[in-house]
Amino acid sequence: MADATDSATEATSETTNAVEAPEATFKTKQSQEAEPKRSWGDEVDNAPDEEPSASTASEEKVVSELNVEGLTIEEEEKINTFLDEPEDSNVTAVTSDKTPYTSAKTFEDLNLSPELLKGIYVEMKFQKPSKIQAISLPMILTPPYKNLIAQAHNGSGKTTCFALGMLSRVDPKLKAPQALCICPTRELAIQNLQVVSKMAKYTGISSECAVPEEFPPSKIAVMTQIVIGTPGTIRKWMTIGKLSLRFMNILVFDEADHMLDEDGFRDYSLRIMRDIRKSSAHCQVLLFSATFNDTVRNFVTRIVEDYNKLLVKKEELSLDSVKQYKVYCPDELAKVMVVRDRIFELGEKMGQTIIFVSTKRGASDLHKALVELGYDVSTIQGGLDLGVRDKIVKEFKDGLTQVLISTDVLARGFDQQQVNLVINYDLPKKFGMCSEPDYEVYLHRVGRAGRFGRKGAVFNLLMADETALMEKIEKHFGSHVMEVPSWNNVEDFKVALKTAGLL
DNA sequence: AAAAAAT
């Protein structure tokens with residue numbers, strides 16, 4: 001089995017850029033002969049200021065200073081020269097040596113193969129690189145193929161960055177895996193594969209998923225160049241000798257903060273990374289996520305030596321294009337009524353909706369309650385059979401269902417352009433803590449709406465014990481979440497939706 | 001004591 005579906009739908013809406021760049025005079029690639037790079041990896045350990053911050057509060061400050069003149073000399077050297085457009089002032093790029101990178105105004109600037117370019121234009125219908133793509137792709141594709149840590153908005157086109165990275169770093173003639181991408185969920189791995197295989201259409205490069213299936217895997221060695229999967233299955237394929245690491249030259253972590261978080265998949269990820277480093281001389285590592293909290297970032301920068309990095313200012317991450325609301329609900333029943341009377345009534349008119357619930361139990365309870373009220377609704381969570389999960393996602397992506405109840409299985413990375421309404425039926429909490437919100441999950445949930453700069457709205461349904469959590473979230477992101485005056489007034493919801501530009 | 005992926 002190879003080349004997964006071409007029915008990739010629009011899995012990557014997150015791509016062509018919303019901002020049309022003024023045709024600035026195109027900068028030619030300067031000084032091709034990069035001066036020989038000192039090994040900066042050693043520097044990492046004793047350069048505490050390499051990390052912009054220890055505290056969140058100071059981070060924004062330092063990051064923005066990087067764009068002006070308040071830098072240390074050492075850092076000034078590392079700042080890329082292409083950060084000259086005012087509109088890029090919210091992105092900070094730091095390179096680990098003096099390799100010159102030039103922002104890519106067009107995909108032609110990237111020395112991609114003609115076949116790959118054709119896939120980009122004809123299949124994907126991209127016109128030009130998005131901001132994150134323009135900056136990250138030269139870093140990814142230019143020798144010496146430095147590692148990269150990249151943080152960028154939800155829906156800003158990260159998938160395309162690492163998809164192109166993988167596609168241009170493999171040899172189609174070599175029938176062996178050369179690129180590996182690890183994702184936190186089966187759904188995300190499948191989605192990423194669809195993007196990659198669509199983009200690869202004319203290249204002769206094949207790809208496949210290493211995710212849990214209903215049947216146990218065959219032991220036949222993988223011959224596709226690109227493998228995208230979930231950690232456990234990838235490990236399994238490695239141990240049964242199905243997945244060879246010998247020719248691996250690029251390793252991608254999607255949702256990297258989660259993949260390397262103690263509470264996430266850290267052990268799996270590290271073991272895979274270690275094995276690859278053992279068996280292939282030089283393997284480029286790319287880490288992508290919209291979020292890197294301080295703890296994870298600290299850890300990540302220790303294990304990935306000698307890297308370039310891209311950071312987006314925190315306030316830029318809180319998604320201005322998506323309006324956030326809070327709705328005080330006296331009890332659980334009120335929440336159900338809001339879903340029934342507002343979301344089903346109003347939400348249907350303007351696209352698709354995802355209702356996030358923190359537990360599988362909660363998801364299935366809500367599902368049952370709505371079904372009992374006579375509403376047909378679909379629900380996805382990890383406890384369902386794989387086939388059912390696939391079907392539910394496909395129906396939603398095909399637009400056959402309007403409203404989807406989901407656990408956090410879809411909180412990260414799930415890309416469906418038509419979703420412009422997200423309901424937090426409850427708020428995400430940090431593991432084992434009932435009074436501490438999970439800010440990352442919150443941000444990722446919100447990011448399911450407003451893909452690629454589209455308009456969107458989030459309604460947080462709050463009972464009394466959740467108001468404090470909401471306040472903490474508002475404080476953390478420094479954003480004011482507007483209040484819908486009354487949970488049972490349809491006009492209030494209409495006003496909110498109009499304000500969000502959805503009605 | 002949570003989701004997910006796994007075992």
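The sequence lines fix the lettering, A, B, ..., with proteins before strands; numbering per chain opens at 1. Not measured: the values here are computed from a predicted model. The figures that follow rest on heavy atoms only: side chains count, while hydrogens, waters and symmetry mates do not.
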Would you kindly give the CD1-to-C1' distance between A/I380 and B/dA4, to the nearest whole Å? 12 Å
Please state how far atom CZ in A/R235 lies from atom C1' in B/dA5, giving the value in whole angstrom units. 14 Å
Parallel, tilted or perpendicular: rings of A/F459 and A/F493 (30°, 60°): tilted
Starting from the C-alpha separation in whole Å, work towards a yes-or-no answer on side chain to side chain contact (heavy atoms under 4.5 Å, CB included) for A/Y375 and A/R340. CA-CA 8 Å; A/Y375 286 81; A/R340 185 188 75 170; 3.3 Å; yes
With sequence neighbours left out, write down each residue that passes side chain to side chain donor-acceptor pair (under 3.5 Å) with A/E345, or none if nothing qualifies. none
Base, sugar-phosphate, or nothing for A/R361, non-hydrogen atoms under 4.0 angstrom? nothing
Between B/dT7 atom P and A/I234 atom CD1, what is the distance in whole Å? 13 Å
Separation of A/F414 atom CZ from B/dA3 atom C1', in whole Å? 16 Å
Pick base, sugar-phosphate or nothing for A/K430, based on heavy-atom distances below 4.0 Å to the nucleic acid. nothing
Which of the following nucleotides, B/dA6, B/dA3, B/dA5, is nearest to the side chain of A/T185? B/dA5
Would you indicate, yes or no, if B/dA4 has its OP1 or OP2 atom less than 4.0 angstrom from a side-chain nitrogen or oxygen of A/T230? no
Among residues at least two apart in sequence or on other chains, which ones pass side chain to side chain donor-acceptor pair (under 3.5 Å) with A/E474? A/K326
Of the listed nucleotides (B/dA4, B/dA6, B/dA3), which one gets closest to any side-chain atom of A/D408? B/dA3
For A/Q284 and A/R169, run side-chain hydrogen bond (donor to acceptor under 3.5 Å, both in side chains): C-alpha distance rounded to whole Å, both residues' side-chain angles, the deciding distance at 0.1 Å, then the answer. CA-CA 10 Å; A/Q284 184 182 26; A/R169 299 287 324 279; 2.6 Å; yes
Side-chain atoms of A/K236 come closest, of B/dA5, B/dT7, B/dA3, to B/dT7
For A/I220, does the CD1 atom have more than 12 heavy-atom neighbours from other residues, nucleotides or ligands under 6.0 Å away? no
Give the rounded distance in Å between these two atoms: CG of A/L188 and P of B/dA3. 19 Å
Within residues 253-261 of chain A, those residues having any heavy atom closer than 4.0 Å to DNA chain B are A/H258
For a quick check of understanding: with a heavy-atom distance under 4.0 Å over all strands, which category does A/F265 fall into, base, sugar-phosphate or nothing? base
Which part of the nucleic acid does A/G382 contact within heavy-atom distance under 4.0 Å: base, sugar-phosphate only, or nothing? sugar-phosphate
Tell me what A/D263 touches on the nucleic acid: a base, only sugar-phosphate, or nothing, going by heavy atoms under 4.0 Å. base
Could you tell me whether a side-chain N or O of A/Q191 sits under 3.5 Å from a main-chain N or O of A/G413, the two making a donor and an acceptor? yes
Rounded to the nearest Å, what distance is computed from the NE2 atom of residue A/H444 to the P atom of nucleotide B/dA3? 18 Å
Could you state the CD1-P distance from A/I272 to B/dA6, rounded to the nearest angstrom? 10 Å
Does A/Y145 form a ring pair (Phe, Tyr, Trp, His ring centres under 6.0 Å) with A/H282? I'd like the steps, not just the answer. CA-CA 9 Å; A/Y145 307 119; A/H282 177 72; 7.5 Å; no
When you check the phosphate oxygens OP1 and OP2 of B/dA4, does a side-chain N or O of A/K360 lie under 4.0 Å from one of them? yes
Using a 4.0 Å heavy-atom cut-off, does A/R186 contact any base of the nucleic acid, only the sugar-phosphate backbone, or nothing at all? sugar-phosphate
Give the rounded distance in Å between these two atoms: CG of A/L384 and C1' of B/dA3. 13 Å
